[in-house]
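Note sheet for the following structure.
Along the sequence shown, residues carry numbers from 1.
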Amino acid sequence: KSAIEDSRLKVSKLINAAPKEIIFTSGATESINLALKGYLEANIENGNHIITVKTEHKAVLNTCEYLETKGIDVTYLDVDNNGLISLAELKNAIKPNTALVSIMYVNNEIGVIQPVKEIGKVCRENNIIFFCDATQAIGKVKVDVEEDYIDMLCFSAHKINGPKGIGVLYKRNGLELTPLIHGGGQERGLRGGTYNTPLIVG
């Protein structure tokens, strides 16, 4: 337990979060599923509309497609010739029932860096949760969940020379999620199952 909590502290410092806001998962894909499905299910009264981008990782796109089968409305933003979204198009896509925006920090294929701080500010001003897939950003660019107005964020260890099969979901304190995996109450009740201590430490 001591080793796990030491790792949680180190991870939290990496993104300027509190240790209790770090949830260990099997990787970014699971974190994405927990963030999107878990938030929408637990907070459906806040709206049933998601905004994302056509160039997101399949983990986001396929999760959004699944949510559409459950009655969630999803808007897929286009990108320009450089792979960047338009902040004006983002603002225009916001509806009264928009609950969450999911936009990746750094694209996994072309490496373009989205204007994350500006996106986060738009979300905060409109009382919308901002989830950011930062898998390709961690260790390469500065990621600060406070400065960037990020409410939830994910990444995987193997992108920063850690082991495969372990990742993180940052969840701002106070946000409610419905767990994907129920069990013994690990990770504040958000991910049941015996801890994989070697991978977490790695």
Side-chain angles (χ1 to χ4, degrees), residues 15-18 20-23 28-57 59-80 83-107 112-138 141 143-155 168-180 190:
I15 59 173
N16 190 28
K20 65 181 179 180
E21 297 175 315
I22 300 300
I23 303 160
T29 294
E30 183 190 330
S31 296
I32 288 164
N33 276 264
L34 176 56
L36 300 186
K37 295 176 185 175
Y39 182 79
L40 266 294
E41 184 172 335
N43 301 276
I44 196 64
E45 71 279 359
N46 293 341
N48 67 335
H49 178 233
I50 294 176
I51 299 171
T52 189
V53 185
K54 292 178 180 177
T55 54
E56 289 290 304
H57 191 278
V60 168
L61 295 177
N62 288 346
T63 300
C64 285
E65 288 174 9
Y66 165 80
L67 287 169
E68 285 182 291
T69 70
K70 301 299 180 182
I72 303 300
D73 180 23
V74 183
T75 297
Y76 299 90
L77 299 176
D78 283 309
V79 294
D80 64 16
L84 292 167
I85 70 155
S86 160
L87 288 173
E89 287 184 12
L90 171 62
K91 292 175 184 176
N92 288 336
I94 293 173
K95 303 177 182 180
N97 65 331
T98 303
L100 184 142
V101 168
S102 176
I103 298 177
M104 68 191 338
Y105 211 120
V106 177
N107 187 274
V112 64
I113 303 172
Q114 297 291 352
V116 168
K117 185 173 183 178
E118 290 77 9
I119 293 167
K121 197 170 183 182
V122 169
C123 292
R124 189 64 56 85
E125 289 170 351
N126 288 276
N127 199 30
I128 297 166
I129 297 301
F130 178 32
F131 169 70
C132 185
D133 175 1
T135 306
Q136 298 289 352
I138 298 294
V141 298
V143 177
D144 186 317
V145 294
E146 294 299 329
E147 286 185 7
D148 295 335
Y149 306 100
I150 296 170
D151 299 298
M152 293 190 288
L153 171 148
C154 73
F155 62 93
V168 161
L169 174 64
Y170 154 76
K171 177 189 72 67
R172 186 176 295 281
N173 189 40
L175 284 187
E176 295 294 325
L177 301 180
T178 297
L180 297 177
L190 291 173

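Among pairs with a residue in residues 39-52, none fulfils salt bridge (Lys or Arg N to Asp or Glu O under 4.0 Å), at least two apart in sequence or across chains. Sorted by first and then second residue, the salt bridge (Lys or Arg N to Asp or Glu O under 4.0 Å) pairs involving residues 87-104 (not counting sequence neighbours) are Asp73-Lys95.
Counting only heavy atoms from C-beta outward, the side chains of Val74 and Thr52 approach each other to under 4.5 Å. In this structure, the side chains of Lys121 and Lys117 stay at 4.5 Å or more apart for every pair of heavy atoms. Residues Cys64 and Leu36 are in side-chain contact: their nearest non-hydrogen atoms beyond the backbone lie under 4.5 Å apart. Contact annotation: the side chain of Val116 approaches that of Phe130 to within less than 4.5 Å [non-hydrogen atoms, C-beta and beyond].
Between Ala42 and Glu176, the shortest heavy-atom contact is CB-O, 3.6 Å. Listed here is the closest heavy atom pair of Ser31 and Leu169: OG-N, 3.6 Å. Nearest heavy-atom pair across Met104 and Cys132 is C-SG, 4.1 Å. The nearest pair of heavy atoms linking Ile32 to Asp133 is CD1-OD2, 3.9 Å.
With sequence neighbours left out, the side chain to side chain donor-acceptor pair (under 3.5 Å) criterion links Asn92 to no other residue. Under the side chain to side chain contact (heavy atoms under 4.5 Å, CB included) criterion, Asn48 pairs with Ile44, Ile72, Asn97, not counting sequence neighbours. In this structure, the side chain to side chain donor-acceptor pair (under 3.5 Å) partners of Glu30, at least two apart in sequence or on a different chain, are Ser26, Arg191. When the side chain to side chain contact (heavy atoms under 4.5 Å, CB included) test is applied to Ile94, the partners found at least two apart in sequence or on another chain are Ile51, Thr98, Val122, Asn126, Ile128. With sequence neighbours excluded, the residues that form a side chain to side chain contact (heavy atoms under 4.5 Å, CB included) with Ala137 are Tyr105, Val106, Ala134, Val141, Val143. For Asp78, the salt bridge (charged side-chain N to carboxylate O under 4.0 Å, His left out) partners are Lys54, not counting sequence neighbours. For Glu65, there are no side chain to side chain donor-acceptor pair (under 3.5 Å) partners at least two apart in sequence or on another chain. With sequence neighbours left out, Glu146 forms a salt bridge (charged side-chain N to carboxylate O under 4.0 Å, His left out) with Arg172. A search for side chain to side chain donor-acceptor pair (under 3.5 Å) contacts involving Thr75 returns His49, not counting sequence neighbours. Checked against side chain to side chain contact (heavy atoms under 4.5 Å, CB included), Lys70 has the following partners two or more places apart in sequence or in another chain: Tyr66.
More than 12 heavy atoms of other residues, nucleotides or ligands sit less than 6.0 Å from atom CG of Asp80.
Salt bridge absent: Asp151 and Lys171 never bring a charged side-chain N and a carboxylate O closer than 4.0 Å.
The CG atom of Leu90 lies 5.0 Å from the CD1 atom of Ile85; values are rounded to the nearest 0.5 Å. Separation of atoms CD (Glu21) and CG (Leu153) is listed at 11.0 Å; rounding is to 0.5 Å.
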